[in-house]
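Some notes on the structure that comes next.
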Amino acid sequence: MSYAAYKMMHWPTGIENCASGFVTNCRADFTPQIPLNHTEDLESDWSSRSGIGPVPNLIVTAANVLELYVVRVQEEGTREARNSTEVKRGGIMDGVSAVSLELVCSYRLHGNVESMAVLSIGGGDVSRRRDSIILTFQDAKIAVLEFDDSTHSLQTSSMHCFEGPEWLHLKRGRESFARGPLVKADPQGRCSGVLVYGLQMIILKAAQAGSGFVGEDDAFGSGATVSARVESSYIINLRDLDMKHIKDFIFVHGKPVMVILHERELTWAGRVSWKHHTCMISALSISTTLKQHPLIWSAANLPHDAYKLLAVPSPIGGVLVISANMIHYHSQSATCALALNSYAASVDNSQELPRSSFNVELDAANATWLLNDVALLSAKTGELLLLTLVYDGRVVQRLDLSKSKASVLTSDITTIGNSLVFLGSRLGDSLLVQFSSGSGASTLPSGLKEEVGDIEGDVPLAKRLRRSSSDALQDAVGSEELSLYGSTPNNSESAQKAFLFAVRDSLINVGPLKDFSYGLRINADANATGIAKQSNYELVCCSGHGKNGALCVLRQSIRPEMITEVELTGCKGIWTVYHKSTRGHNADSSKLADDDDEYHAYLIISLEARTMVLETADLLTEVTESVDYYVQGRTIAAGNLFGRRRVIQVFERGARILDGSFMTQELSIPLPNSETSSGSDNSTVMSVSIADPYVLLRMTDGSILLLVGDPATCTVSINSPAAFEGSKKRVSACSLYHDKGPEPWLRKASSDAWLSTGIGESIDSADGGPHDQGDIYCVICYENGALEIFDVPNFNCVFSVEKFASGRAHLVDAYSQESSEDSEKSINKSSEELAGQSRKENVHNLKVVELAMQRWSGNHSRPFIFGILTDGTILCYHAYLFEGPDNASKVEGSASAQNSVGLSNVNASRLRNLRFIRVSLDAYTREETSNGTLSQRITIFKNISGYQGFFLSGLRPAWFMVFRQRLRIHPQICDGSIVAFTVLHNVNCNHGFIYVTSQGILKICQMPSTSNYDNYWPVQKIPLRGTPHQVTYFAERNLYPLIVSVPVHKPVNQVLSSLVDQEAGHQMDNLNLSSDELHRTYTVEEFEVRILEPEKSGGPWETKATIPMQSSENALTVRVVTLFAFFVLFRGKKLYLDSALLQNTTTKENETLLAIGTAYVQGEDVAARGRVLLFSIGRSTDNNQNLVSEVYSKELKGAISALASLQGHLLIASGPKIILHIWTGSELNGIAFYDAPPLYVVSLNIVKNFILLGDVHKSIYFLSWKEQGAQLSLLAKDFGSLDCFATEFLIDGSTLSLMVSDDQKNIQVFYYAPKMSESWRGQKLLSRAEFHVGAHVTKFLRLQMLSTSGRTSATAGSDKTNRFALLFGTLDGSIGCIAPLDELTFRRLQSLQKKLVDAVPHVAGLNPRSFRHFRSNGKAHRPGPDSIVDCELLCHYEMLPLEEQLEIAHQIGTTRSQILSNLNDLTLGTSFL
């Protein structure tokens, strides 16, 4: 591998920071509206509804992913709640029946977010200003982002960088820092502070309202909003204020005062008995105008392990200081403390501290405020604690701590509004929890009874695990009452409030991935070849920690569960239709629920020259002969009209309307008496779009026809839209869009109409009036690439865009003034460009071949538009509303210039506030559609096993599912190309689907129910109730042995006695412990190896056997090894030989065994030792008792941290030695060793007779094993010091490279070149590439790349076949790969990468080049070659407009199709799952 590409395949999911703020709307938008729907219980309804208040946005970050969510609250009794068919989580609380998170925007930044704060704006609930997000990045970068309505995205409002030569003095000569920049904002929004380089405080001064931002007052006038912004910044050097070791800081409520927690002189655990209470807090009054910061009060003698400050909300004020064993409250006037356990001590050990009623340690807690006097603390065990401040006036008298539920282990926690809290987690799924404070358990609503127990993401769900989270852990408190009281005995006078909690939503997380293995799926197909074979595999990952530990089964592609299959050749399309004869004319809203469960009646299959019709009753029976369907030729489309009372079938030259199996009307198309040009006789129907009661036909000559249905008579008439009569523009694709629902979404986009229609109007029409059916629009794309939206049936143009096919970032109606000027310029420019470019590349025939527009169900869902281009690119746009400032007058001006006829009419109906933003689809591998396939590829589904979205058929079929207004793309590669697809719901196939493969097989399937699809890859989580450490795959029996550790509480004396060395006596150790201290409990991790088997039906996995470890023995590694035993036959008996020297006379047998390496952890006084254990796994399936039997165990010096089998021998890393053992059939004997400086081997890889080992501090060693002299010899090593995380060999043809990842989140590639002079005669490994991944890579897996030889020229054919990529997993929950490239492709992509650094506007102003630089954390490092391209940057190329793509390709001397083909080949070559 000389060159490689770095490609992410699954982005980080472990949430590190979360915050809430009014980012996409301001507080004033939440003016309460009086409910008009049922006045009789208005009072009760109103009182319960006041509970939820204005709901801010949720912002979360996971490594370099930033996501902004809006919280949708569904109140009980509203129409939304009545119509909603979704499963509710958590019952009804405070009048709220459901709360869910909906994605506004998601970004992958070129840098990991270190910390985040929300710069809010003061000014009560009526303020029209919005909050901004402040992000900080390594070393000292700060970006302030605000939400821009006009582009529906986050824009950078200011950037502050304190790096580089001019700011070098801030580091004070230091190079490495314990943590990145820390940002906190003033609660009133006057300023914020960022602590960089440990000692420098940067104060960002916020711009005051109305302080000279141009046009701000006008903006207020027109109802627009302005976000909080940063005006200027200055630096306070905290060292000048005599503060050395800063641990935390915070702004208190009230005056702008910053409180800093710092340690005057350091201490550590071994010196606590002499030096303790070394921390103090200092309060500085911040004056941003004078840039002064006088000290106003301070408090000393805080515990040395204080680490966090929490600002107490007004009216109380002050700060809480949280340490491991105590909580202190301090303000200028009062102070009090609470001891949490027996280790808490006052400064001089004299005064008695107020103690909490139970013991708890708070040394890694996160906290947020539920009320202004109640804080929610999340401890390191996942326990939630409530801390109440008992106060009188503004004086806090005491602190009260009470236990609450157990929940997920949090990494950050934030309150959203006044009744929601979000628990963000790196170790488990993150939860959105609603809380309610009441006086007692009497307030427990009916729906909450079932969820007694812990706040976990586990709720009884009716709809097949539909949105469940799998951290399902009920602790010991399973049956306790849900309301949470103070557990103080004098509960009568305790000021403790009772709280109720209900889990409302959860975000799935698969991190931290400690280890994974690659195994076969249960329903694997043994005959599959090529890319379809990859769908046989799955990734089984160790993720989570403690009680959130789980096994995550990840599959990149979906493998449907097949019900039945039949052969069917030459299929062109399939459709299922409903038929119900007794159907009421008026469709009332109550039928919505029944509609979903109605079975399909007929299946229509279009073949090349005929049509088959099947009845979809209990059995699929062919009824082609007995029905009036058109069966003599192929069908173009079929569907239902008139509320499913009729079926329409469209064929090339006509259409039939059927009632069940009887025809009621036949039309011939085109009309024989049409006065159109004579050439139209040979024009036939190309494509069809149906939206009850209209059918839109596109003809082969590029014209369109509309069939208009009359619901009263159930007949259809043909209408040729007048707007297109004399038109010369050929239509390349068209589609109907039904804007359903009581409040059609697009109506809000027309000129301010939605402001005037009140709530009452839409509610009146809910009983089946005309409103209920919604509106129908027609979306049309012309051959010149323009897109227009018309209303149906009048065909007034309501929205038009030039150059839709170029794929701009935003689509704006051409009639609105501001865009028209830009677009005019860009269109003129682009047409010249295109003319110039098209000489080099045939892009002028790039047109849209298929269109779809759809809005899926959901209270706030917005429509999507999808367009497929001739080259296989898929454009996806998501609609949003933007009401421009007084744009009516401007629009009339521009419109009148264009056409003065019927101006008022045109202007009134335009969807002027409608805009579209382009959505990235980089998870989808596009296919080059060279042959002009005519079949429709997009099939929209509204309920397949409870999911909604669309299926894309073709060469690379994929599922596009909609969750939280976000598209999740999951390919389906197991059947190769799919030519037709449709949904099927009948007795035997519940909400399933049918598809036909290009091999001519029709399959009836259902969606696998165990996976959760709301993730980058479908994931199934198997809870383990313990921490998984390492997993391996035993292929012969399809078993997964894995190491699990479970925390167990033991009495201290028991723990001590197990730690004491057996020879030494016990008596001396226990002298200094009192008897009550000996009976305290201490938590120990107990290890075991579990052997799990995947469930055949896809249900929960079964533990087949458990191998327990001894007390204080940790299992460190588990591997499946193949060992050879050598023997000679002597008088009919096998004599095993312990020497491999007599090989010519011996025969060998190989055994596959399970090898486990362990270490005894007994403190630093006992010499380290470990055991190697060998187990055989039996073949018997009937009894599990003797599935696993121990074959051999041996104790060695040192911890056995890695094992591997090397040519039939067992290689063991024990402590600082590497020993090769030979297996004699009954025991292991050492035959060779290598005594190296390795301190502790973290990973061991073997290829042929080469060994690569990574050390925890000493980088990597490259060894070889020679059978002749039975010796292990060092070939070369890396002389630098490196803390390895994982290593692996990378094979590219005949070159062997060594890959290593380290603790600074880098990867490096080394190679062995003894002939090079700089390798010191081969002693030193040379660097081939280096790259900063930005995450800790914990495991590499070498997988053979798929050949994309179908397209690439057979240049170096031999090299191409033996090419491997490395799949890797990280602690953030991301998965990616490093794939080798040939030099030509690499040079092309590298020059493209350099262009894209400048061509793409990067979110938060981050530079991708600086992010990917090797980080050495202050150590000397010689930069290596830059030979890895970053696909995270290259994927932006496809999102650029076509003109820019051509321009950039031209500048680097290549073509757009060449670049896209290279990126495509890379994706295909690495589709491993």
Side-chain angles (χ1 to χ4, degrees), residues 1-6 1204 1206-1207 1211 1218 1220 1232 1234-1238 1241 1243-1255 1258-1282 1284 1286-1302 1306-1331 1340 1342 1344-1345 1355-1366 1378-1387 1390 1414 1416 1420-1429:
M1 184 226 87
S2 305
Y3 304 102
Y6 160 86
L1206 170 63
Q1207 297 185 343
L1211 188 63
I1218 293 129
L1220 187 68
Y1234 173 65
D1235 242 349
V1241 175
S1243 75
L1244 203 53
N1245 310 101
I1246 287 169
V1247 162
K1248 293 184 178 169
N1249 62 330
F1250 295 114
I1251 304 159
L1252 168 63
L1253 66 93
D1255 184 77
K1258 297 283 183 189
S1259 196
I1260 58 173
Y1261 292 76
F1262 185 41
L1263 309 167
S1264 78
W1265 152 246
K1266 292 197 182 68
E1267 192 100 42
Q1268 255 46 47
Q1271 64 182 29
L1272 288 170
S1273 54
L1274 177 70
L1275 293 174
K1277 65 175 188 175
D1278 172 27
F1279 282 83
S1281 67
L1282 194 70
C1284 297
T1287 59
E1288 185 55 274
F1289 287 104
L1290 181 55
I1291 299 172
D1292 179 19
S1294 53
T1295 45
L1296 185 69
S1297 309
L1298 319 175
M1299 174 78 74
V1300 56
S1301 67
D1302 64 40
N1306 306 306
I1307 53 172
Q1308 276 173 284
V1309 186
F1310 291 98
Y1311 66 110
Y1312 174 56
K1315 295 194 171 70
M1316 304 274 281
S1317 58
E1318 55 263 42
S1319 71
W1320 303 348
R1321 293 189 183 165
Q1323 298 175 58
K1324 185 180 178 205
L1325 290 170
L1326 301 178
S1327 171
R1328 186 164 265 165
E1330 59 185 26
F1331 192 80
F1340 289 110
R1342 190 172 67 247
Q1344 184 150 6
M1345 285 180 73
T1355 40
S1358 57
D1359 244 24
K1360 284 277 193 315
T1361 52
N1362 192 27
R1363 185 166 259 197
F1364 288 80
L1366 293 184
I1378 304 284
L1381 292 176
D1382 52 280
E1383 184 172 1
L1384 190 66
T1385 309
F1386 170 76
R1387 296 278 177 231
Q1390 192 186 37
F1414 187 89
S1416 58
H1421 173 76
R1422 188 174 171 198
D1426 176 20
S1427 23
I1428 296 185
V1429 289

* Asked: Between N1362 and Q1344, which heavy-atom pair has the shortest distance, and what is it?
  -> CA-NE2, 4.3 Å
* Atom pair CD/CG of Q1308 and D1302 - distance to nearest 0.5 Å -> 6.5 Å
* Distance, nearest 0.5 Å, that separates OH of Y3 from CD1 of I1428 -> 12.5 Å
* Asked: Once you round to the nearest 0.5 Å, how far does OH of Y1261 lie from CG of L1274?
  -> 8.0 Å
* Asked: Are the side chains of L1211 and L1272 in touch, meaning some heavy atoms are under 4.5 Å apart?
  -> yes
* Can you check whether G1424's main-chain N or O pairs, donor with acceptor, with E1330's side chain at less than 3.5 Å? -> yes
* Between Y1312 and L1325, is any pair of side-chain heavy atoms under 4.5 Å apart? -> yes
* Structure fact -> For F1386 and V1429, the nearest pair of non-hydrogen atoms, with its separation, is CE1-CG1, 3.6 Å
* Structure fact -> In terms of heavy-atom contacts, G1254 and I1260 come closest through CA-CG2, 4.2 Å
* Any side-chain heavy-atom pair of K1266 and S1273 under 4.5 Å -> yes
* Asked: About how many Å separate OG of S1319 and OH of Y1311, when rounded to the nearest 0.5 Å?
  -> 8.5 Å
* Asked: Taking atom NZ of K1258 as the centre, does the number of heavy atoms from other residues, nucleotides or ligands within less than 6.0 Å exceed 12?
  -> no
* Least distance between heavy atoms, F1250 atom then L1296 atom -> CD1-CD2, 4.3 Å
* Excluding sequence neighbours, so at least two apart, what forms ring pair (Phe, Tyr, Trp, His ring centres under 6.0 Å) with F1364? -> none
* Is any side-chain heavy atom of M1299 less than 4.5 Å from a side-chain heavy atom of N1245? -> no
* Asked: Does any N or O in the side chain of S1427 come within less than 3.5 Å of the main-chain N or O of R1328, such that one atom is a donor and the other an acceptor?
  -> yes
* **L1206 side, atom CG; E1267 side, atom CD - distance, nearest 0.5 Å** => 8.5 Å
* To do: Look at the side chain of S1301 and the backbone N and O of A1286, then say whether any donor-acceptor pair between them is shorter than 3.5 Å.
  => yes
* F1289 and L1252: which non-hydrogen atoms are nearest, and at how many Å? -> CZ-CB, 3.4 Å
* Carefully, step by step, assess I1307 and F1340 under the rule side chain to side chain contact (heavy atoms under 4.5 Å, CB included). => CA-CA 11 Å; I1307 53 172; F1340 289 110; 3.9 Å; yes
* **Within-4.5 Å side-chain heavy-atom neighbours: F1262 and F1310** => no
* To do: Find the distance between CD (E1288) and CG (L1366) and round it off to the nearest 0.5 Å.
  => 6.0 Å
* Do the side chain of N1249 and the main chain of Q1207 share a donor and acceptor less than 3.5 angstrom apart? -> no
* State, with a plain yes or no, whether a side-chain heavy atom of L1244 is found less than 4.5 Å away from one of I1251. => yes
* Aromatic plane relationship, H1421 with F1414 - under 30° parallel, 30 to 60° tilted, over 60° perpendicular -> parallel
